[in-house]
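All remarks here apply to the structure that follows.
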Amino acid sequence: RDFNFLLEVARESGYYYMAPLLELCYQCRMRLREALDLTDSAEIPNEGLKIKRRKGSRTNIILWSTSLKKTWDDLKAKRNKILESKRIPAQIDPNRRYMFISERTGVKLSISGVETAKKRIDLMAKEKAGRLGIEYVHFTIHDVKRSATTDTPGTASDKMLATGHRSLSMMNVYDVSIAKVKATKDD
């Protein structure tokens, strides 16, 4: 509920990149840095996005869903529009064509800049929630990965594949779901 509310506020904000960033971080179970490092080289046509993980996790491919493909295509179109408006030629090397760029300068967004924008959007969300008489609980972009991991269906092994974690202990930091098990005796 809070994620969808923040997504709505992000779409209404002046930060074009926040809604697609949140969407991609959730759908691909990514850290902020992994999202900001996305380039055209991540796109594998007819398959999905190749996510280069950090902190010892395995690189994996997130298969296209309708919403993931739309988010990606819309972001790519916006990035291209920014570059065109600034008359900045696209990089020849797809590894250097970053998806998240500044509308003002056309260069790759910084972590600190995105974190500042996130703080401002959190304030907007808190204000809007107050006007609507609902509670908004702040969460970080890293919490988005945690939520996405928890929401991933399947076993711990399935979740490990989805997140790229190499061990259960790594993955358990992100999966905060409560196990449902059968009673000792079945009456």
Side-chain angles (χ1 to χ4, degrees), residues 2-4 6-7 10 15-76 78-79 90-102 107-119 121-122 138-179:
D2 289 324
F3 177 76
N4 289 329
L6 185 67
L7 206 51
Y15 300 98
Y16 87 88
Y17 53 85
M18 283 305 296
L21 180 82
L22 290 167
E23 278 282 348
L24 288 171
C25 283
Y26 182 82
Q27 292 184 50
C28 299
R29 301 163 203 90
M30 286 189 292
R31 292 177 171 85
L32 175 57
R33 182 171 301 282
E34 293 166 348
L36 293 180
D37 285 347
L38 286 171
T39 64
D40 278 350
S41 66
E43 182 177 358
I44 303 171
N46 302 319
E47 196 166 0
L49 291 178
K50 184 177 183 180
I51 307 301
K52 293 180 182 175
R53 305 288 179 182
R54 293 186 169 246
K55 293 189 145 192
S57 294
R58 289 186 175 103
T59 295
N60 60 6
I61 296 171
I62 306 299
L63 301 176
W64 291 125
S65 67
T66 304
S67 61
L68 177 60
K69 183 72 169 126
K70 181 178 180 354
T71 300
W72 181 259
D73 288 346
D74 290 351
L75 179 61
K76 189 168 26 171
K78 178 65 176 177
R79 186 259 334 253
Q91 289 284 336
I92 293 172
D93 181 359
N95 290 302
R96 297 184 62 197
R97 275 186 251 139
Y98 291 99
M99 296 304 292
F100 292 101
I101 62 171
S102 166
V107 300
K108 178 184 173 186
L109 292 174
S110 68
I111 286 181
S112 63
V114 171
E115 287 174 339
T116 298
K118 170 69 167 68
K119 286 177 188 173
I121 290 172
D122 277 334
H138 161 80
F139 56 90
T140 67
I141 293 175
H142 200 74
D143 290 331
V144 172
K145 178 178 178 172
R146 186 172 290 114
S147 177
T149 302
T150 301
D151 293 348
T152 299
T155 65
S157 295
D158 296 329
K159 292 179 185 208
M160 282 177 60
L161 284 173
T163 60
H165 290 120
R166 293 182 184 269
S167 69
L168 275 175
S169 61
M170 284 174 73
M171 198 273 308
N172 284 337
V173 171
Y174 293 93
D175 183 9
V176 294
S177 59
I178 298 172

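Quantities reported herein were computed from a predicted structural model and do not represent experimental measurements.
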In Å, rounded to the nearest 0.5 Å, how long is the span from NZ of Lys76 to CE of Met99? 6.5 Å

Which residues pass the side chain to side chain donor-acceptor pair (under 3.5 Å) test with Ser41, sequence neighbours left out? Thr39, Asn95

Side chain to side chain contact (heavy atoms under 4.5 Å, CB included) partner of Leu32, the single match among Thr140, Val144, Leu21: Leu21

Is there a side-chain contact between His138 and Asp2 in this structure, where contact means two heavy atoms from C-beta onward sitting under 4.5 Å apart? no

With a cut-off of 6.0 Å (strictly less than), are more than 12 heavy atoms of other residues, nucleotides or ligands near NZ of Lys78? yes

What pairs with Lys69 under salt bridge (Lys or Arg N to Asp or Glu O under 4.0 Å), at least two apart in sequence or on another chain? Glu43, Asp73

Here the gap from Ile62 atom CD1 to Leu68 atom CG, rounded to the nearest 0.5 Å, amounts to 8.0 Å

Note: Ala10 and Leu22 closest approach over all heavy atoms is CB-CD1, 4.2 Å

Locate the shortest heavy-atom distance separating Trp72 from Ala42; write the atom from each residue and the value. CH2-CB, 4.2 Å

Shortest non-hydrogen separation from Tyr17 to Ala117 and the atoms involved: OH-CB, 3.3 Å

Keeping the roles fixed (side chain from Thr149, backbone from Lys145), state whether a donor-acceptor pair exists under 3.5 Å. yes

Run the side chain to side chain contact (heavy atoms under 4.5 Å, CB included) test on His142 and Arg31 for me, step by step, so that the C-alpha distance in whole Å, both residues' side-chain angles and the decisive distance to 0.1 Å come before the verdict. CA-CA 6 Å; His142 200 74; Arg31 292 177 171 85; 3.8 Å; yes

Looking at residues at least two apart in the chain, or sitting in another chain, which of them share a ring pair (Phe, Tyr, Trp, His ring centres under 6.0 Å) with Phe139? none

Considering residues at least two apart in sequence or located in another chain, which fulfil the ring pair (Phe, Tyr, Trp, His ring centres under 6.0 Å) criterion with Tyr16? none

Correct closest heavy-atom pair for Thr71 and Gln27 would be OG1-NE2, 4.0 Å

Side chain to side chain donor-acceptor pair (under 3.5 Å) with Lys70: which residues, sequence neighbours excluded? Asp74

Distance check, rounded to the nearest 0.5 Å: Thr150 atom OG1 versus Arg29 atom CZ? 11.0 Å

Test salt bridge (charged side-chain N to carboxylate O under 4.0 Å, His left out) applied to Lys119 and Asp122, step by step: CA-CA 5 Å; Lys119 286 177 188 173; Asp122 277 334; over 6 Å; no

If you round to the nearest 0.5 Å, how far is CD1 of Ile141 from CZ of Arg33? 12.5 Å

Just verifying a value: how many Å separate Gln91 CD and Asp40 CG, rounded to the nearest 0.5 Å? 10.5 Å

Where is the tightest heavy-atom contact between Phe100 and Leu38, given as atom of each residue plus distance? CE1-CD1, 4.4 Å

Working for side chain to side chain contact (heavy atoms under 4.5 Å, CB included), residues Arg54 and Asp37: CA-CA 11 Å; Arg54 293 186 169 246; Asp37 285 347; 2.5 Å; yes

Pairing residues for Tyr98 by the side chain to side chain donor-acceptor pair (under 3.5 Å) criterion, not counting sequence neighbours: none

Search all heavy atoms of Tyr26 against all heavy atoms of Asp151 and return the closest pair with its distance. OH-OD2, 2.6 Å

Going from OG on Ser57 to CE on Met30, what distance comes out if it is rounded to the nearest 0.5 angstrom? 13.0 Å

